[in-house]
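Report on the following structure.
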There are 2 protein chains.
Amino acid sequence: METGRSGRAPRPQTRARREEILKAAVATFGAKGYHKGSLTEIADQVGMTHAGILHHFGSKDALLMEVLEYRDRSDVADLPDHHIPGGAELFRHLVRTAFLNAQRAGIVQAFVVLSAESVTDDHPARAFFESRYATLRGEVARAFRVMCQEQGINEPDTIDKAAASILAVMDGLQVQWLLDPAAVDLAEASEFAIEAIVAQVLSPRELPLGRA
Amino acid sequence: METGRSGRAPRPQTRARREEILKAAVATFGAKGYHKGSLTEIADQVGMTHAGILHHFGSKDALLMEVLEYRDRSDVADLPDHHIPGGAELFRHLVRTAFLNAQRAGIVQAFVVLSAESVTDDHPARAFFESRYATLRGEVARAFRVMCQEQGINEPDTIDKAAASILAVMDGLQVQWLLDPAAVDLAEASEFAIEAIVAQVLSPRELPLGRA
DNA sequence: CACAGGTTACTTACCGGACGGTAACCTCCT
DNA sequence: AGGAGGTTACCGTCCGGTAAGTAACCTGTG
């Protein structure tokens, strides 16, 4: 019933040990996915048995949730003053993130695999990704509104589509890049696509595509 | 040893039975992913035991490969004359596909889940998706080259980035749409993003993003 | 046309392995 | 003393795959 609440002192090394486990879990869930990645494989990486992991996290589901929150924390941590930028600065931040991601395939893979896996039935990470995307879309949309306001533009529908598209293109490029890093330049392509979408929001142009 | 090679006639109903199984497999792999989706669950949908499925397809891996090829066949089948369009027509086709996909969540989910799952270690679908993306990027790039040539533009790097981005945004939007269909309009957002990227290729513009 | 023989299309039964989770136990640290 | 941080052992479940058996079906032969 109790989860360590009002329990006695945890040892000082425990915090580091848990973080070690979380890193191993990122590696394993990234390499195998959640369902195929086993607690035993994670445990091996930190020199433990799988029962030891369960002692720390209670269940595999709980470990997954902590992994996801752990990564979110790390992402926010590298923001100056933990402040989410607005306007054009947000898009510059997204481009910087893409360049950063191009050098940490392991973490990228974990999020790619888990986010897609989360759309399956009753997946424990589903609620996490649902609210994560909702939040991110909201922030991108807010940045768009700031930029549009500065230029006297107002197209809410366009902004919503663009916000989803920005996140979508970053994710989709990650999949292609992970499948064949030589064929896709994650950073450059992300930058190009983000600029293309931002440009279309700020000064939409008719296209030679027409209706079919 | 022999796999029906030069064996006697298969029964006429067998073809339909196999297609039934493939459809059930799409549903199950979409709903659960490849690793968590079991042969028993597929078998239940067609009123069989899991051993019956193995009789038809040999192994779970082989079934997966047939599922992927089966879907590819269906996609090509709805192209007029089985001819891959070039130039602007290809982009119109992609937009139409997005509108079509918005009404068949099951199939979309199967491809989203399987493509992301395929980036994991030793996944049986990895080679399939690797070559699939390479082919699709090539076709989109070809369409871009046709359009650029018509307008006297020549930027191979841009075209490669744009081709990957087009596919990426379509895939990424599918993930968000599956997680929350009410929050994302798959068809409209795909159309918007495709137009934005095509526009940026045909008449690139400097942006207010600058360097960070 | 009848009737074998062989093949197809399954089922039932079983195997070996992997998995998450639990319980009991030990042993340090505080 | 007693909890924190493990280990070992075990359980029940589920999975893909195989082997053996069976009924239905097709086909070549007389």
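Labels below follow one simple rule: chain letters A, B, ... track the order of the sequence lines, proteins then strands, and each chain is numbered from 1. None of these values were measured; they are calculated from a predicted model.
- Taking atom CZ of Arg15(B) as the reference point, atom C1' of dC25(D) lies 20 Å away to the nearest angstrom.
- Relative ring orientation between Phe129(B) and Phe111(B) is described as perpendicular, the plane-to-plane angle rising above 60° on a 0-90° scale split at 30° and 60°.
- When each of Arg11(B) and Thr49(B) is assigned the nucleotide of DNA chain C bearing its nearest heavy atom, the one mapping closer to the 5' terminus is Arg11(B).
- Nearest heavy atom pair, residue Gln176(B) against residue Ala164(A), reads NE2-O, 3.0 Å.
- Following rounding to the nearest Å, His56(A) (NE2) and dG21(C) (C1') show an atom-to-atom distance of 16 Å.
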Protein-proximity profile, nucleotides 13-19 of chain D, B/S/- by nucleotide at the 4.0 Å heavy-atom cutoff, equals --SBBB-

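- Taking atom CD of Gln13(A) as the reference point, atom P of dG3(D) lies 21 Å away to the nearest angstrom.
- A search for side-chain contact (heavy atoms from CB on, under 4.5 Å) contacts involving Ala193(A) returns Val169(A), Ser165(B), not counting sequence neighbours.
- We find that CG of Leu63(A) is positioned 14 Å from C1' of dG21(C), with the value rounded to whole Å.
- Taking each heavy atom of Arg17(A) and Val46(A) in turn, the nearest pair found is NH2-O, 3.3 Å.
- Relative to the side chain of Met48(B), the nucleotides dT7(D), dC29(C), dT11(C) differ in distance, and dT11(C) lies closest.
- Leu64(A) approaches His123(A) most closely through the heavy-atom pair CD2-CE1, 4.1 Å.
- Because its NZ or CZ atom is not both nearer than 6.0 Å to the ring centre of Tyr34(A) and within 45° of the ring axis, Lys36(B) does not count as a cation-pi partner of that residue.
- The phosphate of dG6(D) has OP1 or OP2 within less than 4.0 Å of a side-chain N or O from Arg17(A).
- The interatomic distance linking Phe57(A) (CZ) with dG6(D) (P) rounds to 11 Å, in whole Å.
- Here the C1' atom of nucleotide dT8(C) and the CZ atom of Arg18(B) are 13 Å apart, to the nearest Å.
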